[in-house]
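Convention: sequence-line order gives letters A, B, ...; per-chain numbering from 1. The structure displayed is predicted, hence computed values, not measured ones.
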Amino acid sequence: MHDLRAIRENPDLFDRGLALRGLDPRSAVLLDLDLRRRAAQTAFQEMQARRNEASKLIGQYKREGKDAQAILDEVASLKERIPATEEEEKRLGAELDALLAALPNIPAADVPAGKDERDNVEIRRVGTPPVIAAPKQHFELGEALGLMRADLGAKLSGARFTVLRGQLARLERAIGDFMLDTHTREFGYEEVSPPLLVKDEAAFGTAQLPKFAEDLFQTTNGYWLIPTAEVPLTNLVADSILDAEELPLRLTARTPCFRSEAGSAGRDTRGMIRQHQFYKVELVSITTPDQSLAEHERMTEAAETILKRLGLPFRTVTLCSGDMGFSARKTYDIEVWLPGQDTYREISSCSNCGDFQARRMKARFRAKGDKTTQFVHTLNGSGVAVGRCLIAVLENYQQADGSILIPDVLKPYMNGLERIAAHG
RNA sequence: GGAGAGGUGGCGGAGUGGUCGAACGCGUCGGUCUCGAAAACCGAAGUACCCGCAAGGGUACCGUGGGUUCGAAUCCCACCCUCUCCGCCA
């Protein structure tokens with residue numbers, strides 16, 4: 001959600017920001033509505049002030065036994081005019097809110113301008129893709145092992161569901177455990193076990209609603225299945241005023257994520273790249289405004305550390321203005337090397353949302369000794385997607401015989417297992 | 001699911017329909033006192049929005065939304081949530 005005052009002060013800056021997203025200017029429409037809304041509010045409040053004053057007089061007159069009829073009449077006529085003004089104020093306010101709620105965050109100044117993913121800027125590349133003769137894709141490997149079963153997923157639930165069995169199921173758990181341990185022990189994140197079903201307010205707070213309802217699953221009684229733990233973790237601080245000393249607040253959770261994948265029909269249909277349900281370890285930081293830039297780098301480093309430790313080659317890119325998500329001011333995507341696809345694929349996305357989400361969910365903080373409150377900054381990042389990480393391990397650690405070596409850091413989590421083979 | 005109780009400021013807890021943004025206590029902050037601290041005493045202190053260069057003024061908020069009234073924390077209606085007991089259940 002945007003700060004109307006900031007738009008008022010610098011409408012051009014706002015419109016330029018929207019333009020970077022490929023959107024038409026809106027400041028003129030917003031400011032016109034804003035002006036009319038405030039005028040209505042002022043008129044409404046002045047009438048109420050007069051009404052309150054008169055009502056006090058009436059009470060006084062009655063106590064003193066005086067005749068209050070004249071004031072009573074005045075209030076009566078006032079009351080006829082109040083509802084229309086109030087109505088006007090509400091209507092304009094709702095209209096303004098609806099417009100505002102559907103506008104994405106403005107890109108940070110150092111975000112590269114661009115249209116789509118082709119304009120993203122690679123900022124580093126870590127690790128060397130392994131040399132593999134005729135590399136297989138993850139689903140070929142998994143199916144050959146008999147431990148990755150698209151057929152069973154389809155039987156139970158349809159397309160975009162997969163059943164993992166045996167050591168692959170174990171590997172998935174091990175990967176998530178390893179990530180959580182690393183983030184909690186080394187990066188100071190607090191582990192959280194949040195609800196996976198949330199109500200409208202929470203989905204609005206992180207801006208899945210109102211614009212992206214079609215990307216979510218909803219229960220028959222109105223709950224939304226979380227598409228990422230960003231939703232419950234960030235909304236933990238909704239409607240609150242934190243002490244500055246508590247910040248930054250760092251939270252992590254491994255949760256299933258549910259996504260309808262509306263609009264991605266036909267894309268990544270084979271294998272586990274794009275599923276309706278997958279596990280992800282999420283990182284969320286709540287910071288003061290002056291902490292968020294450094295925190296963004298720190299968070300990205302935490303996510304990268306996972307891939308480094310797993311020995312997975314990756315590259316990090318800064319998303320261009322046109323490719324960023326709705327809430328983000330700036331986003332780093334981490335893309336892991338997939339030998340089977342002979343390309344880098346997104347495995348993490350770390351975003352600084354500034355105060356955009358905080359405004360929506362009214363998450364504020366107060367500096368020590370300070371009288372006024374400020375909105376916090378919120379950041380979120382995958383640390384990292386467990387399902388895609390499993391894929392990356394399979395493809396990067398595949399052997400000529402179709403077996404999979406276990407990365408060293410995961411062995412303790414696999415009871416010392418060295419490799420996953422067809423009948424091991 | 002059945003029965004009951006309740007939702008007031010950071011917390012606890014008052015509040016005859018009018019002077020209540022809200023007593024009182026605790027906690028918090030500033031000050032006095034002290035070598036320092038404690039105690040004591042004095043004082044400050046909700047959130048958001050609107051008008052205003054400012055000083056300052058105004059409006060709203062006592063779970064949420066409606067209603068009654070000149071006037072609602074107080075009355076009425078609906079909903080939400082919490083707690084207790086019973087039943088059922090992972």
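B:C35 and B:G27 have their P atoms separated by 26 Å, with the value rounded to a whole Å. Across B:G25 and B:G9, the matching C1' atoms stand 14 Å from one another, rounded to whole Å. The C1' atoms of B:C77 and B:A72 are separated by 15 Å, rounded to the nearest whole Å. Taking atom C1' in both B:G13 and B:C26, the straight-line distance is 11 Å, to the nearest Å. Comparing the P positions of B:U59 and B:A73 gives a spacing of 13 Å, expressed to the nearest Å. Comparing B:U74 with B:A3, their P atoms sit 27 Å apart, to the nearest whole Å. Taking atom C1' in both B:A22 and B:A60, one finds a spacing of 15 Å when rounded to whole Å. One P atom belongs to B:A5, the other to B:A78, and the distance between them is 16 Å to the nearest Å.
For B:C79, the paired base is B:G63 (Watson-Crick or G-U wobble, both distances below 3.5 Å). Across every strand in view, B:U34 sits unpaired, with no contact that passes the Watson-Crick or G-U test at under 3.5 angstrom. Pair assignment for B:A90: none, as no Watson-Crick or G-U wobble contacts are both less than 3.5 Å. Applying the Watson-Crick and G-U wobble criteria (two distances, each under 3.5 Å), B:G43 pairs with B:C29. B:G56 and B:C51 make up a base pair, with Watson-Crick or G-U wobble contacts both under 3.5 Å. Of the nucleotides present, B:U84 is the one that pairs with B:A3 by Watson-Crick or G-U wobble criteria, both distances under 3.5 Å. A 3.5 Å limit on both hydrogen-bonding distances identifies no Watson-Crick or G-U partner for B:C20. Remark: B:G71 base-pairs with no nucleotide; criterion is Watson-Crick or G-U wobble with both hydrogen-bond distances under 3.5 Å.
At the heavy-atom level, A:R5 lies under 4.0 Å from the strands shown only through sugar-phosphate atoms. Within 4.0 Å (heavy atoms only), A:R8 reaches sugar-phosphate atoms of the nucleic acid but no base atom. Among the protein residues, A:A49 comes within range of the sugar-phosphate backbone only, with heavy atoms under 4.0 Å from sugar or phosphate atoms but none that close to a base.
Toward the 5′ end of RNA chain B lies the nearest nucleotide of A:Q41, the other residue of the pair A:Q41 and A:R51 mapping further downstream.
A:I82 places its CD1 atom 14 Å from the P atom of B:U69, with the value rounded to the nearest Å. In this entry the distance linking CE of A:M1 with C1' of B:A48 reads 14 Å, nearest Å. Atom P of nucleotide B:C61 and atom CG of A:D239 are separated by 18 Å, given to the nearest angstrom. One interatomic measurement links the two molecules: CD of A:E86 to C1' of B:G67, which rounds to 13 Å at whole-angstrom precision. Counting to the nearest Å, the P atom of B:C11 and the CG atom of A:D243 are 13 Å from each other. Rounding to whole angstrom units, CD of residue A:E201 and C1' of B:G63 are separated by 13 Å. Rounded to whole Å, the distance from CG on A:D73 to P on B:U69 is 16 Å. Computed from coordinates, the A:L35 CG to B:C49 P distance equals 18 Å when rounded to whole Å.
In this structure, A:D32 contributes its side chain and A:A28 its backbone to no donor-acceptor pair below 3.5 Å. Side-chain atoms of A:T234 never come within 3.5 Å of backbone atoms of A:V231 as a donor-acceptor pair (strictly under, hydrogens ignored). With hydrogens and angles disregarded, no donor-acceptor distance shorter than 3.5 Å links the side chain of A:N380 to the backbone of A:S285.
Among the nucleotides B:U59, B:U69, B:G46, the one closest to the side chain of A:K79 is B:U69. Of the candidate nucleotides B:C50, B:A48, B:C70, B:A48 has the atom lying nearest to any side-chain atom of A:T373. Listed candidates were B:U47, B:C50, B:C70. Nearest to the side chain of A:R366 is B:U47. Distances were taken from every side-chain heavy atom of A:Q45 (C-beta onward) to each of B:A48, B:C50, B:G66; the shortest belongs to B:C50. Comparing B:C50, B:U47, B:C70 by their nearest atom to the side chain of A:R364 picks out B:U47. Side-chain atoms of A:I241 lie closest to B:U47 of the nucleotides B:U47, B:U59, B:C51.
Ion pair A:E261/A:R274 flagged as a salt bridge, since at least one NZ, NE, NH1 or NH2 atom sits closer than 4.0 Å to an Asp/Glu carboxylate oxygen.
In this model, a donor atom of one side chain and an acceptor atom of the other lie less than 3.5 Å apart for A:T162 and A:Q275. A donor-acceptor pair shorter than 3.5 Å cannot be found between the side chains of A:E295 and A:T287.
Between A:N52 and the phosphate of B:G71, there is no side-chain N or O to OP1/OP2 separation shorter than 4.0 Å. Using a 4.0 Å cut-off, no side-chain N or O of A:K362 falls inside it from OP1 or OP2 of B:C61. Of the side-chain N and O atoms in A:R38, none sit less than 4.0 angstrom from OP1 or OP2 of B:C49. Side-chain N/O atoms of A:R37 include none lying less than 4.0 angstrom from OP1 or OP2 on B:C50.
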Practice prompt. Evaluate the criterion ring pair (Phe, Tyr, Trp, His ring centres under 6.0 Å) for residue pair A:F356 and A:H2; output intermediate values, then yes/no.
Written response: CA-CA 6 Å; A:F356 185 81; A:H2 295 286; 5.4 Å; yes

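Between A:H183 and A:Y189, the ring planes are perpendicular. Angles over 60° get that label, and only those under 30° would be called parallel.
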